[in-house]
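Structure first, commentary second.
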Amino acid sequence: MTYKYKYFIANWKMFGDFSSFKIINLVNNYINKIKSKKSRIIFCVPSTLISYFSNRLKKSNIFIGAQNCHYLDEYGSHTGSINSKMIKSAGAKYVILGHSENRIEGDTDNLINNKIKSAIKNNLVVIFCIGETLNQKKQNLTNKILSMQIDKGLRLVKSLNKIIVSYEPVWSIGTGKIPTHKELNNAVSFIKYKLNKKFNNKHSVKIIYGGSVNVKNIGELITIQGINGFLIGGASQSAKKFIDILKNCYK
Ligand code: 13P
């Protein structure tokens, strides 16, 4: 299924303070100017900024997301943690889960699965990150890893309505390297096949790509069949770079 718009999702990671709203403001001015209905712009910001930014964006076409959440959705003794209910009440509509940077810090597939279920229960849309490491790629294990991450991460998840799958090869994050056209085509087709099989073709599948997306490679990336958008790290921390990416998609 083709989508009516493409997702451009900023993952700010550990970046930003209140003054960083000016970046979003400039992006907002740009999308208002071009009046494009073809894109959905989401900024996944640190938890400290969710409430303030969401309030300021109430009348805009930009949405706010979180970058992680606790797996429990009740209050509890978990010092330093924030759950999906709290994220939702702060104004976020989306949450990134399963990012490789969090997997490296200890998020297992099982934990990610519990976080996903809690986020869906609280009506957040999940940006579910999957991807192979360089070693796994060299051993031709890409499909096996993607399949395993999907099976474990989406265990007992009944619908894809609130899931956007982000294919993020670990070796492409922050390295400037992106998969070849063929590699990306294969991975995206495989993810689509896998999700359709798992969910009996009942739900539409949304797949985005993340990893070193920039103004130089977006022209090529946008031509890949079946990609419904992009998860953008470093380049989303600059209004100019983010807007240039958008410009290259809509010129
Ligand atoms: P970069 O765009 O900085 O490679 O980061 C990608 C990423 O991790 C998005 O989630």
Side-chain angles (χ1 to χ4, degrees), residues 6-16 20 23-24 27 39-47 49-50 53 62-69 87 92-107 109 112 115-116 119 124-134 136-137 142 145-146 149-150 153 163-180 183-184 187-188 191 206-222 224 227-249:
K6 282 218 185 296
Y7 291 91
F8 292 88
I9 309 180
N11 177 6
W12 269 10
K13 311 192 181 189
M14 195 164 70
F15 163 85
S20 315
I23 296 171
I24 301 183
V27 173
S39 53
R40 162 132 319 183
I41 316 262
I42 302 155
F43 277 82
C44 295
V45 298
S47 329
L49 303 176
I50 293 174
F53 284 10
I62 295 186
F63 297 85
I64 289 295
Q67 299 173 11
N68 204 347
C69 70
I87 287 170
K93 300 265 188 295
Y94 296 80
V95 60
I96 295 174
L97 292 171
H99 195 283
S100 61
E101 285 155 11
N102 298 130
R103 290 179 189 262
I104 289 164
E105 286 171 3
D107 277 18
D109 290 300
I112 293 162
K115 290 180 177 190
I116 290 177
L124 290 168
V125 175
V126 175
I127 299 151
F128 171 40
C129 301
I130 56 174
E132 81 287 358
T133 63
L134 187 57
Q136 291 162 339
K137 172 178 147 70
T142 300
I145 296 296
L146 297 176
Q149 289 175 336
I150 289 172
I163 306 279
I164 299 168
V165 174
S166 183
Y167 173 54
E168 298 210 347
V170 180
W171 52 270
S172 77
I173 297 174
T175 59
K177 297 191 182 102
I178 61 165
T180 62
E183 285 169 340
L184 208 38
V188 171
I191 294 168
K206 294 180 271 302
I207 304 168
I208 62 172
Y209 167 77
S212 293
V213 175
N214 61 37
V215 68
K216 291 203 188 93
N217 57 31
I218 191 70
E220 160 76 7
L221 288 170
I222 200 106
I224 312 271
I227 291 189
N228 304 113
F230 305 95
L231 186 53
I232 307 164
S236 72
Q237 297 170 2
S238 143
K240 178 170 172 11
K241 287 184 183 165
F242 196 78
I243 291 169
D244 281 350
I245 288 173
L246 291 171
K247 275 185 186 161
N248 270 272
C249 293

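We count residues from 1, following the sequence as given. Start at 1 and go down the list; that is how both ligands and their atoms are numbered.
- For ligand 1 and G174, the ligand atoms under 4.0 Å from any heavy atom of the residue are 1 (P), 4 (O).
- Applying the side chain to side chain contact (heavy atoms under 4.5 Å, CB included) test to I227 and every residue at least two apart in sequence or in another chain returns L184, V188, Y209, I224, F230.
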TODO: Show the numbers, then the answer: is there a side-chain contact (heavy atoms from CB on, under 4.5 Å) between N68 and K115?
DONE: CA-CA 8 Å; N68 204 347; K115 290 180 177 190; 3.0 Å; yes
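- Taking every non-hydrogen atom of S212 and a distance limit under 4.0 Å, the qualifying atoms of ligand 1 come out as 1 (P), 2 (O), 4 (O).
- Annotation: atom 3 (O) of ligand 1 to nearest protein heavy atom, G234 N, 2.8 Å.
- For ligand 1, the atoms sitting less than 4.0 Å from at least one non-hydrogen atom of K13 are 5 (O), 6 (C), 7 (C), 8 (O), numbered in the order shown with element in parentheses.
- Near E168, meaning under 4.0 Å from any of its heavy atoms, are these atoms of ligand 1: 7 (C), 8 (O), 9 (C), 10 (O).
- Contacts between I173 and ligand 1 below 4.0 angstrom, taking non-hydrogen atoms only, involve backbone and side chain alike.
- On a distance-only criterion, E101 and ligand 1 share no N/O pair closer than 3.5 Å.
- Sparse packing is recorded around NZ of K241, with 12 or fewer heavy atoms of other residues, nucleotides or ligands lying under 6.0 Å away.
- Residues passing the ring-ring contact (aromatic ring centres under 6.0 Å, His included) test with F43, sequence neighbours excluded: W12, F242.
- Near L231, the atoms of ligand 1 lying under 4.0 angstrom from a non-hydrogen atom of the residue are 9 (C), 10 (O).
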TODO: Any chance you could lay out the side-chain contact (heavy atoms from CB on, under 4.5 Å) test for N11 and Q67, step after step, and finish with the verdict?
DONE: CA-CA 7 Å; N11 177 6; Q67 299 173 11; 3.7 Å; yes
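- Residues I163 and I116 have side chains in contact (heavy-atom distance under 4.5 Å, counting atoms from C-beta outward).
- Among all protein heavy atoms, the one lying closest to atom 2 (O) of ligand 1 is G233 N, 2.9 Å.
- In this structure, OG in S236 is found 9.0 Å from CD1 in I24, a value given to the nearest 0.5 Å.
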